[in-house]
Each structure stands twice: as C-alpha cells, then as structure tokens.
Amino acid sequence: MASSPSSLVFKVHRHEPELIKPAKPTPHEFKLLSDIDDQESLRFHIPLVLFYRHNPSMQGKDPVKVIREAIAKTLVFYYPFAGRLREGHNRKLMVECTGEGILLREGHNRKLMVECTGEGILFIEAEADVTLEQFSDPLQPPFPCLEELLFDIPGSSEVLNCPLLLIQVSRLKCGGFLFALRLNHTMSDGPGLAQFMAAVAEMARGANAPSVPPVWERHVLDATEPPRVTCRHRAYEEVAGSTSSILTHDHLVHRSFFFSPADITALRRLVPPHLSHCSSFEILTACLWICRTIALQPDPNEEMRIICLVNAREKFNPPLLPRGYYGNGFGLLAAVATAGELSRKPIGYALELVRKAKADMTEEYLRSTASLMVSKGRPLFTVPGTYIVSDLRRAGLEKVDFGWGNAIYAGTAKAIPELVSFYIPFTNKKGEDGIVVPFCLPSPAVERFYKELEGMLKGQLVSGGANSKLIVSSL
C-alpha cells in the first residue's frame with residue numbers, strides 16, 4: 001500500500017531551544033573519525049522520527065522531562081556527541097597524472113575529528129495540537145508538518161562547528177508523544193545511532209550505565225599507511241555523459257510503500273529457480289531498481305547504479321568491529337547495468353547483479369574504501385543514474401523504549417538524500433510485519449513507478465521461468 005501526503009495541518013508550540021550537556025564532567029580531547037566516517041557521502045544531517053502511544057502505566061510522568069534527564073546521563077558515556085566537529089588542516093602531497101606528465105600538488109586531507117567540548121546537544125521541548133490518530137493511516141512517511149516537529153534552528157545544521165544531534169520531543173493531545181532527531185551522519189550509522197538511543201532509553205527506565213558500553217576505536221576503519229586501493233569501487237566512479245537520471249529539486253514527490261509478506265512472496269514468484277534462495281532484501285532491491293529505472297525514462301544506454309549499504313558488524317568472523325562500536329560501519333557496494341538492460345531483461349538479471357555486489361563486501365574491500373577516501377580527497381559517491389538502498393530492519397530503532405513501550409513507527413522521516421531509500425520495519429493494522437520504503441521521484445515518474453511495481457506484484461509476465469519479462473515498460 002502506498003502512502004500519499006496528508007492534508008493534515010496542526011500547530012506546534014515550541015519552547016526555546018536548549019543545550020543538554022553531560023550530567024558530569026567529561027574529558028576535553030580530540031577524537032579522530034575513521035576514514036569511512038568522514039567521506040563526503042556522509043557529510044549531511046539525517047532526520048529520523050519515532051512515534052509513541054499514550055501508556056496509562058506512565059500516568060503523571062512527562063516524556064520531555066524523562067528524556068531530557070536521560071540524555072544528560074547518557075552523554076557522560078557518549079560524550080563525543082556533546083562536542084563539535086572540526087576539519088583538520090594537515091596537508092599532504094598528492095600525485096596527479098596529466099597529459100603534461102606527473103605533477104605533485106598540495107592537497108587538503110580534510111580529516112574530520114570531534115573536539116569533545118562538552119557543549120551539549122540541541123534539545124527542543126514542544127506541544128503539538130494533534131493526536132496520533134489524526135496522522136496518516138497507515139503511519140508512514142512523508143509526515144505532515146515535519147518542519148514543525150523537527151525544527152531547523154537557524155545556524156544549527158552545518159556539518160562543522162555545530163551540534164551533532166538535534167532532538168525535539170513533542171507532546172501530543174492524546175497523551176502520546178513524538179521523538180524527532182537530526183543526526184550528523186559522520187558520527188554514526190543506523191545501528192550506531194540505535195545503540196545510543198537504546199542507552200538513552202535504559203537511562204530513562206532507571207539504569208545507571210548503558211548495558212552495551214560505547215566503543216570509539218575509529219582507527220579500526222582507517223586507511224593503511226601508505227593508502228592501498230586494492231579493489232574496484234564502482235560506487236565512487238566518475239561518470240561522464242548523460243545526466244537525465246539525476247534528480248533535481250524541481251517537482252520532487254516524496255512517497256512511501258508498504259511491502260507485506262504476501263508482496264515479497266509475489267515478487268519471489270518472478271525469480272528463476274536457481275535464485276529462489278535470495279533474501280528479501282535482494283529481491284526487493286532488484287525490483288525497486290528496475291521499477292525506478294523505467295519510471296525515470298533515461299536513455300537506454302545510460303548506466304544505472306544500485307548502491308547497497310552493507311553492514312560490516314555481523315559480516316566477518318572474527319568480527320572486524322568491536323561490540324559497542326557506534327561509528328559508521330558499512331561499505332557502499334554498487335551494481336551497474338544500462339537502463340535498456342534493466343527494462344528488457346528478466347528480473348533474474350538485476351537480482352544476480354545485486355547479489356554479486358553484496359558478496360563483494362569483504363574486509364579487504366572496506367579497507368580499500370578507506371584508502372580510496374584518503375588518496376582521492378574523500379570523494380562523493382557516483383550521482384548520475386544512482387539509487388541507494390539502506391536496510392534499517394535490524395537496527396533496532398523501533399525497540400527504543402523510554403518507558404512508554406516500543407515505538408509504533410521508528411525510521412527516517414522521508415527519503416534523505418533524495419537518491420536513498422531506507423528499508424524500515426513496520427507492523428500494519430492487520431498485524432503483518434512488513435517493510436516500509438520511503439522514496440522520492442520527480443512528479444511525472446511517480447505514476448510510472450506505481451504502474452511498474454503493481455505489475456510486478458500482480459505477476460504480469462510474458463512467460464514463467466528464467467525467460468520471463470515484464471509486459472509493461474516505459475522505455
């Protein structure tokens with residue numbers, strides 16, 4: 001089921017923003033981010049939102065007061081979050097090969113570090129003149145009045161020299177509340193943030209220390225010295241030529257789609273027998289890649305990329321990252337095909353490309369990525385023709401319980417940046433545990449996307465088996 005933007009309008013009364021500092025003195029020191037953390041692709045703020053119902057057992061307790069005090073206690077352990085990001089000024093010589101020969105140029109290393117100043121995180125107390133029941137049904141992004149529920153305090157959203165977290169807790173008329181958060185992505189990924197949030201929740205419920213002690217150790221994901229790029233990184237390739245598939249901010253539409261277990265089963269029926277053991281992530285990613293490509297109507301010869309964020313936490317044995325690590329611990333793995341290939345070939349073609357890209361995630365690949373960042377000036381991922389997917393289903397954000405129970409929705413507020421879709425766990429009114437996928441497309445492409453996706457879900461194929469092809473194609 002797809003969600004449409006709600007016409008709901010309501011008022012939010014916000015108190016003056018405040019800085020929440022650690023409850024006890026913390027060290028003043030500099031902590032370097034890893035070479036995975038401080039790539040250009042992560043230098044932005046990501047908005048998340050969690051909805052909580054009224055809980056009669058918490059009668060008389062104020063979620064704002066409980067959460068404010070819990071944050072202060074948690075920041076004693078996660079004190080880098082109370083600091084500010086700085087960019088190093090160390091310089092190095094970079095080798096540039098040109099038609100004139102080999103030149104040595106002075107290049108900026110742009111290494112990010114946290115100055116642990118103890119200044120605190122931004123916090124806003126608010127009341128919203130609305131009930132949970134008035135929000136969109138089902139409760140999934142995009143959410144109305146988001147800019148009021150997560151207010152962008154002027155001057156607070158720069159990557160450097162600004163608070164690393166902004167949190168707004170809004171009481172609702174029904175007794176529930178909304179917890180909205182904006183994170184500087186260089187500090188943490190989804191699992192890392194969920195670990196911090198779980199610690200806040202434990203403190204809110206009376207704990208004296210987090211059950212999982214936070215671990216910094218960002219050096220684990222640093223480049224080798226000297227940097228050695230040993231793998232091909234298709235997620236960071238420089239691409240020349242057509243930009244017909246680049247999203248601009250003109251007429252962009254935010255929507256989301258709920259995939260039930262029955263929907264995933266329907267998509268599996270399109271898969272050839274030798275790929276029948278593919279994961280839900282792989283089949284969903286392949287289908288969305290195809291549908292999105294057809295909806296955008298790029299030139300058939302244009303290269304289209306699907307970039308998968310693959311979590312390194314549980315990928316290796318023994319583990320590469322220590323338990324409690326809350327930095328960015330993932331690699332960007334890309335599959336590439338032309339728009340024409342994606343639209344004409346069977347779904348198994350895209351599926352095999354996605355599976356192969358995921359399988360390329362090795363410890364060597366991650367270390368090679370870190371070296372690429374250092375040797376190439378921390379490049380942005382490839383933008384033309386790119387679609388990025390990130391799986392938050394196992395991050396655990398929905399299990400963050402401040403005392404009022406689990407969140408009824410916990411995930412990104414919308415597709416940010418616009419090229420990215422997050423896979424968010426969600427239970428619908430039927431009690432089905434499915435996946436909500438926010439996405440963003442230009443207005444004319446939205447209906448084409450729906451048409452292609454509905455065709456897949458209804459199994460509209462020319463013939464069964466490995467030679468199956470979609471009937472509908474806009475290319």
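All residue numbers refer to positions in the sequence shown, counting from 1.
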State whether a side-chain donor-acceptor pair under 3.5 Å links [X] with [Y].
X	Y	result
E341	T338	yes
H28	E115	yes
S421	R292	no
D401	N406	no
H219	S34	no
T427	E432	no
Y236	T382	no

Problem - Residues K21, Y79; criterion side chain to side chain contact (heavy atoms under 4.5 Å, CB included); working and verdict - result: CA-CA 9 Å; K21 299 182 178 183; Y79 63 88; over 6 Å; no
Practice task
Could you check K111 against R86 for side chain to side chain contact (heavy atoms under 4.5 Å, CB included), going step by step and ending with a plain yes or no?
Solution key: CA-CA 8 Å; K111 182 72 176 178; R86 317 294 190 206; over 6 Å; no
Take atom [atom1] in [X]; do more than 12 heavy atoms of anything else shown fall under 6.0 Å from it?
X	atom1	answer
K356	NZ	no
R394	CZ	no
E314	CD	no

Of all the heavy-atom pairs spanning [X] and [Y], show the shortest one and how long it is.
X	Y	answer
I283	C278	CB-SG, 3.9 Å
M361	L366	CE-CD1, 3.8 Å
P163	G120	CB-O, 4.4 Å
T285	C308	CG2-SG, 4.3 Å
V271	L351	CG1-CD2, 3.7 Å
P191	A395	N-CB, 4.2 Å

Assign the ring pair [X] / [Y] to parallel, tilted or perpendicular, where the plane angle (0 to 90°) is split at 30° and 60°.
X	Y	value
H233	Y365	tilted
F51	Y409	perpendicular
F257	Y450	tilted
F44	H185	perpendicular

Can we say [X] and [Y] salt-bridge, meaning some charged N sits less than 4.0 Å from an Asp/Glu carboxylate O?
X	Y	answer
D222	R367	no
D360	R232	no
D38	R110	no
E363	K315	no

Problem - Geometric cation-pi criterion R313 and F330, 6.0 Å radius, 45° cone - result: no
Problem - Face-on cation placement of R218 at Y326 ring, 6.0 Å and 45° thresholds - result: yes
Exercise for the section: Let me see the working for D37 and L221 under side chain to side chain contact (heavy atoms under 4.5 Å, CB included), right down to the final yes or no. Expected result: CA-CA 8 Å; D37 289 323; L221 292 180; over 6 Å; no
Handout entry: Note, V436 side chain near P141 side chain (heavy atom, < 4.5 Å)
Key = yes
Handout entry: F179 and F402 aromatic centres sub-6.0 Å
Key = yes
Practice task
State yes or no: are the ring centers of F439 and F449 separated by less than 6.0 Å?
Solution key: yes
Practice task
Would you please test E87 and R43 for salt bridge (charged side-chain N to carboxylate O under 4.0 Å, His left out) and show each step?
Solution key: CA-CA 12 Å; E87 190 173 67; R43 296 186 184 205; 2.8 Å; yes
Exercise for the section: Please assess N184 against L165 for the test side chain to side chain contact (heavy atoms under 4.5 Å, CB included), listing each intermediate value before the final yes or no. Expected result: CA-CA 6 Å; N184 186 320; L165 280 168; over 6 Å; no
Practice task
Carefully, step by step, assess R355 and E282 under the rule salt bridge (charged side-chain N to carboxylate O under 4.0 Å, His left out).
Solution key: CA-CA 7 Å; R355 285 171 62 86; E282 291 162 350; 2.9 Å; yes
Practice task
Would you please test R234 and E237 for salt bridge (charged side-chain N to carboxylate O under 4.0 Å, His left out) and show each step?
Solution key: CA-CA 5 Å; R234 304 218 66 182; E237 289 178 331; 3.2 Å; yes
